[in-house]
Amino acid sequence: MKKDKVSLACLSLAVAFTFVFPACGPEKKPISRKKIEEKGLAAVELIKTYGLSLYPGTELMDQSVKSSKIPVPGTDQPGKTMTVKVLTVSGVTYARLDEVRSSYEKQAPNVITEEKINDSVRFVQLSNVSDFNKALAERVSPILLINLRRKMLTENERLAYQNEYNNLQSVSNPDAIQKRRKAQLDNFLKDNTFIQVNVRTQE
């Protein structure tokens, strides 16, 4: 029963975060650096103006800059809007989650939600605000949200991935699909920490 309540609370928070940070949805597939440059996105550089960056040595997976106009809350002027910009940068590192966490706690000291398994942190969200609704009402800018997730495999999952990897390793002339799957399995078997840095500003 307690576990169900925790799961429900996490789900509710996830829905709220997706509303506050439109770019904080499910993990996206990595896009190439060339494609990022073609789109003219510069979120990696823009987050530096707020004292943020990807953890040193992190492999960049994705970045985006999204702007939208929303009604000004609490205004008596119908039609008045303000510009909201959301910067999102995500990547993966082989550093431990607690090491990555300590580097972001200076800018985002508030723990929004935390998930543990066997006393090991699997997922944590850090922010510079403790109450999103209050921060939005008071038009706090910027609002930071740092998502950190550690990939933890069960023994059965690890064994299954390792067996599949060993089978592919023995293939003398692998095709493109087999090579891609082997690289994916190699990544699965490493103790990675996924990082997503979000900055919401308004003008």
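Residues take their numbers from the sequence shown, with the count starting at 1.
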For [X], give me all partners under side chain to side chain contact (heavy atoms under 4.5 Å, CB included), at least two apart in sequence or on another chain.
| X | answer |
| --- | --- |
| Asn167 | none |
| Glu59 | Val92 |
| Val171 | Pro174, Gln178 |
| Ser141 | Thr201, Gln202 |

Reported [atom1]-to-[atom2] distance for the pair [X] and [Y], which is rounded to 0.5 angstrom:
| X | Y | atom1 | atom2 | value |
| --- | --- | --- | --- | --- |
| Thr93 | Leu148 | OG1 | CG | 10.5 Å |
| Phe132 | Asn110 | CZ | CG | 9.0 Å |
| Gln169 | Asp186 | CD | CG | 9.0 Å |
| Asn133 | Glu138 | CG | CD | 11.0 Å |
| Thr193 | Arg150 | OG1 | CZ | 7.5 Å |

Those residues that, when tested against [X], pass salt bridge (charged side-chain N to carboxylate O under 4.0 Å, His left out) (two or more places apart):
| X | value |
| --- | --- |
| Arg181 | Glu164 |
| Lys85 | none |
| Glu45 | Lys48 |

(message) Less than 6.0 angstrom from the centroid, inside 45 degrees of the normal: does Lys151 satisfy that with respect to the ring of Phe194?
(response) no
(request) Verify, without hydrogens or angle tests, whether Gln107 (side chain) and Gly51 (backbone) share a donor-acceptor contact under 3.5 angstrom. (result) yes
(request) Taking Arg149 for its side chain and Ile195 for its backbone only, find out whether a donor-acceptor pair lies under 3.5 Å. (result) no
With a 4.5 Å cut-off on side-chain heavy atoms, are [Y] and [X] touching?
| X | Y | result |
| --- | --- | --- |
| Glu155 | Leu159 | no |
| Val84 | Arg200 | yes |
| Val124 | Thr113 | no |
| Ile143 | Val140 | yes |
| Gln63 | Thr88 | no |
| Leu87 | Val44 | no |
| Thr81 | Ile70 | no |
| Ile146 | Gln125 | no |

(message) Against Val199, only a single residue in Leu46, Val86, Val65, Ile47 fulfils side-chain contact (heavy atoms from CB on, under 4.5 Å); can you say which?
(response) Ile47
(message) Exactly one of Leu52, Leu60, Asn198 should register a side-chain contact (heavy atoms from CB on, under 4.5 Å) with Val89. Which one does?
(response) Leu60
(request) Could you name each residue pair satisfying salt bridge (Lys or Arg N to Asp or Glu O under 4.0 Å) that touches residues 86-106, not counting sequence neighbours? (result) Arg96-Asp98, Arg101-Glu105, Arg101-Glu114
(message) Please say yes or no: joined through hydrophobic side-chain contacts below 4.5 Å, possibly via intermediate residues, are Val111 and Leu144 part of one cluster?
(response) yes
(request) Spell out, yes or no, whether Ile112 and Phe123 are grouped together once hydrophobic residues are joined by side-chain heavy atoms under 4.5 Å, including indirect joins. (result) no
(request) Applying side chain to side chain contact (heavy atoms under 4.5 Å, CB included), run through Val121 and Glu115 and close with a yes or a no. (result) CA-CA 6 Å; Val121 176; Glu115 176 189 348; over 6 Å; no
(request) Mind checking ring-ring contact (aromatic ring centres under 6.0 Å, His included) for Tyr55 and listing every partner two or more places apart, or none if nothing turns up? (result) none
For [X], what residues pass the side-chain hydrogen bond (donor to acceptor under 3.5 Å, both in side chains) criterion, not counting sequence neighbours?
| X | result |
| --- | --- |
| Asn173 | none |
| Tyr94 | Lys190 |
| Asn128 | none |

(message) Hydrogens and angles aside, do Ser90 and Asp62 bring a side-chain donor and acceptor to less than 3.5 Å of each other?
(response) no
(request) Work out which heavy atom in Ala43 is nearest to a heavy atom in Ser64; give both atom names and the distance. (result) CB-O, 3.4 Å
